[in-house]
2 protein chains.
Amino acid sequence: MTKARVTVIDIAKAAGVSKSTVSLVLQGSSLVNEATRAKVNTVMRDLGYVYNRGAANLRQAGAKSRIIGVVVNDLTNSFFAELAVGVDMVVQSAGFVQFLSNTGESIDRQREVVASMREHGISGLIVSPARATDAADFKPLVAAGIPVVVVVRNLPGAKVSSIVSDNRAGMVSAVKHLAGLGHKRIAFLGGFPDTAVFDDRLAGYRNGVEAAGLGYHEELVISSAPSRAGGVEAIGKAIALGLRPTAAVCFNDAVAFGVCDGLRSRRLEPGVDFAVVGFDDVIEAQAAVPALTTVSVDPQGIGRRGAQMLLKQINAGKAEAETMTTAVRLVVRESCGAGKTAPAKAGKSVKSKQDAE
Amino acid sequence: MTKARVTVIDIAKAAGVSKSTVSLVLQGSSLVNEATRAKVNTVMRDLGYVYNRGAANLRQAGAKSRIIGVVVNDLTNSFFAELAVGVDMVVQSAGFVQFLSNTGESIDRQREVVASMREHGISGLIVSPARATDAADFKPLVAAGIPVVVVVRNLPGAKVSSIVSDNRAGMVSAVKHLAGLGHKRIAFLGGFPDTAVFDDRLAGYRNGVEAAGLGYHEELVISSAPSRAGGVEAIGKAIALGLRPTAAVCFNDAVAFGVCDGLRSRRLEPGVDFAVVGFDDVIEAQAAVPALTTVSVDPQGIGRRGAQMLLKQINAGKAEAETMTTAVRLVVRESCGAGKTAPAKAGKSVKSKQDAE
DNA sequence: CTGTTAGCGCCTTCAG
DNA sequence: CTGAAGGCGCTAACAG
């Protein structure tokens, strides 16, 4: 069937030159005569030669395989699919290929795929770490000189590069939006206080309310699990307050969905009787609650930037850990009643607002 | 930094055995003493040894790299993201890794990534071909003994395995559904008649109407571009018919959306004044028109099956081209007014119906 | 500018 | 059960 793979030596023979010459042609060296180069190329095409990167890679010591690994925790989530597309774009045009694996939040799966990728000699790794990922998990990689870029979720202790979205600025813009609609008592709902992401978002909230001259009131910060159920719980507590808030920014979209659930079960229509803004870390908002106003991130942009950062480090040889935060923007949707974030009194209509920084 | 990659010879030395012994341990051979095996494994862990598949692959002639390539035309579309996840599942648990690339319907991109994948020695390829893909495009691969499985879109001339959804059965169930609601004149709207997919779907439509005793009337089959605009055009013609239909099955979801557009511009509410069923080849229906009743495919299942088929062929050595069609199911949604497919007179409510075969 | 000579890390005989 | 050679396809020095 397969006529024993055609190698450089075959084409060298056929072209009447030596293997080194062929090798030089392969790497586009300028040390080779134009005529011979053309000849060699022709022969390669005729014989159907395919370059064997495995062999090349073997020879060039710990050199570049031109493979970059990408591991995400849920490709089913369009957020990560977009991320992967962003990575693929820059990776492809740089002549690399990507290994893409899904962990489904399983730390074991993650370890397996990363190990497998290493065996295949990836020259870099982009990872959105599964929940329980240990900061030390990627140490062996960086020790081996393989750059790692962590995206979306930061990994506190790890000495690797990372890209996360600008949580603080996102919350500031969300609060500003609500304040602009006339809200005076805005709650911060959901999320566990022991995470860096929570801290960032809460800080943004605080900056926002203070900038709007509303003051920061601790009782308006109600933490809960960062889930739909947590949202239901949080809004319950918020409504039970003496001075009931009229609006809320939520830790993430899941919480926002729960908050809407909780409101409806109390005969309050989200967006009409109570303004809700989500945080679109998991961009499915559009599908789940078409008109929820949220702070949106640009996953594809994160992917592109992450890949660029990684390639830079790969080319530089040494990986200088670097941290970057990407901009987010407030997206106000009003196609459905549930999307209005305005209180009954202030029926101001905002079409779509971009928030700088 | 990097202490010159640790190799089998290093660990052999440290464990006081020969490289061959280490090699045997690596492949889990039973020819090695339990004690020495343990020792070797310990040393490997201590020295942080990582298996070099590139080298192994080089030695083992045209053997298996345990890499399978996956190329899709739009990972942004959740249909393909799900497909990729399905592939990843079986591929991962079989100890393979996947190269995943996006072509964005660009035939050039596709050729590039496939070439790149070949250079890396993939042992198999799963591809949802970009629009203009030539049937001969994958010949070199199969000639080289690399199995190829085409999914979602079939490639008429190509002698490769393929998995497409059961277009015929899907249409049969859609028509059956409408007939069950009392519709007598059901149109088939959209699609270009010169494609295999169209033929399959039309055949299903024909089977359906005939089985329901409605007879097949050619004037009810109105082709158009398989796009939203095409849908608008098609419904326009349908409404202009002497005996106007009361319902329609559409070539795909895009057409269905256009049909809805066309109906609304004529003050007809889809699902109330005219029943519409889409064909969910591009599953975004849920996001775009939350309540459209459609024939849904299971992309993740296709991915899993495709991967299994591929692995089978890889293990079998020889690739016996094989064709498979996967089941689809009719999903009736009624969360929104637009989702009802029932005609005004017959207000029958169907929650969700599974269609066998 | 082109040819020769060594290996890269691993696996496979083939003897011990 | 273990050690000693040889070579996979390619590139990296050096010679010519």
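Throughout, protein chains are lettered first and strands after them, A, B, ... in sequence-line order, and every chain is numbered starting at 1. Remember, it's a predicted structure, so these values are computed and weren't measured experimentally. No hydrogens, no waters, no symmetry mates; every other heavy atom, side chains included, goes into these values.
- Using a 4.0 Å heavy-atom distance criterion, A:Val22 is classed as making no nucleic acid contact.
- Of the candidate nucleotides D:dT2, C:dC11, C:dG9, C:dC11 has the atom lying nearest to any side-chain atom of B:Ser23.
- Remark: A:Lys159 does not engage A:Glu322 in a salt bridge, criterion side-chain N to carboxylate O under 4.0 Å.
- Expressed to the nearest 0.5 Å, how far CG of A:Asn154 lies from OG of A:Ser161 amounts to 12.5 Å.
- A close approach under 4.0 Å does not occur between any side-chain nitrogen or oxygen of A:Thr7 and OP1 or OP2 of D:dG9.
- Here B:Lys19 lies out of heavy-atom contact (under 4.0 Å) with every strand.
- Nearest to the side-chain atoms of A:Leu58 among the listed nucleotides D:dT2, C:dG9, C:dC10 stands C:dG9.
- Between C:dG9, D:dT2, C:dC11, one nucleotide has an atom nearer to the side chain of B:Ala55 than all others, and that is C:dG9.
- The CZ atom of A:Arg66 sits 11.0 Å away from atom CG of A:Asn57, with the distance rounded to the nearest 0.5 Å.
- Taking atom CZ of B:Arg59 as the reference point, atom P of C:dT13 lies 8 Å away to the nearest angstrom.
- For the pair A:Asn57 CG and C:dC10 P, the computed distance is 13 Å after rounding to whole Å.
- The nearest whole Å value for the distance from the CD1 atom in B:Ile9 to the C1' atom in C:dC11 is 14 Å.
- Here the side chain of B:Gln27 is nearest to one of C:dT12, C:dG3, D:dG9, namely C:dT12.
- Regarding A:Lys13, its NZ atom lies at a distance of 19 Å from the P atom of C:dT2, rounded to whole Å.
- In this structure, of D:dG3, C:dC10, D:dT11, it is C:dC10 that holds the atom nearest to the side chain of B:Val8.
- Donor-acceptor pairing under 3.5 Å is lacking for the side chains of B:Ser101 and A:Gln98.
- You'll find that the side chain of B:Thr36 is closest to D:dT2, out of D:dT2, D:dC10, C:dT2.
- In terms of position along DNA chain D, the nucleotide closest to B:Val17 lies nearer the 5' end than the nucleotide closest to the other residue of the pair A:Leu26 and B:Val17.
- When the P atom of C:dC1 is taken as reference, atom CG of A:Leu24 falls 12 Å away, rounded to whole Å.
- Using a 3.5 Å distance cut-off with no hydrogens or angles, the side chains of B:Thr103 and B:Ser106 do not pair a donor with an acceptor.
- Of all nucleotides listed (D:dT2, C:dC1, D:dG9), D:dG9 comes nearest to the side chain of A:Asn52.
- A close approach under 4.0 Å does not occur between any side-chain nitrogen or oxygen of B:Thr21 and OP1 or OP2 of D:dC1.
- Listed nucleotides: D:dT11, D:dA4, D:dC1. Nearest to the side chain of B:Ser20: D:dA4.
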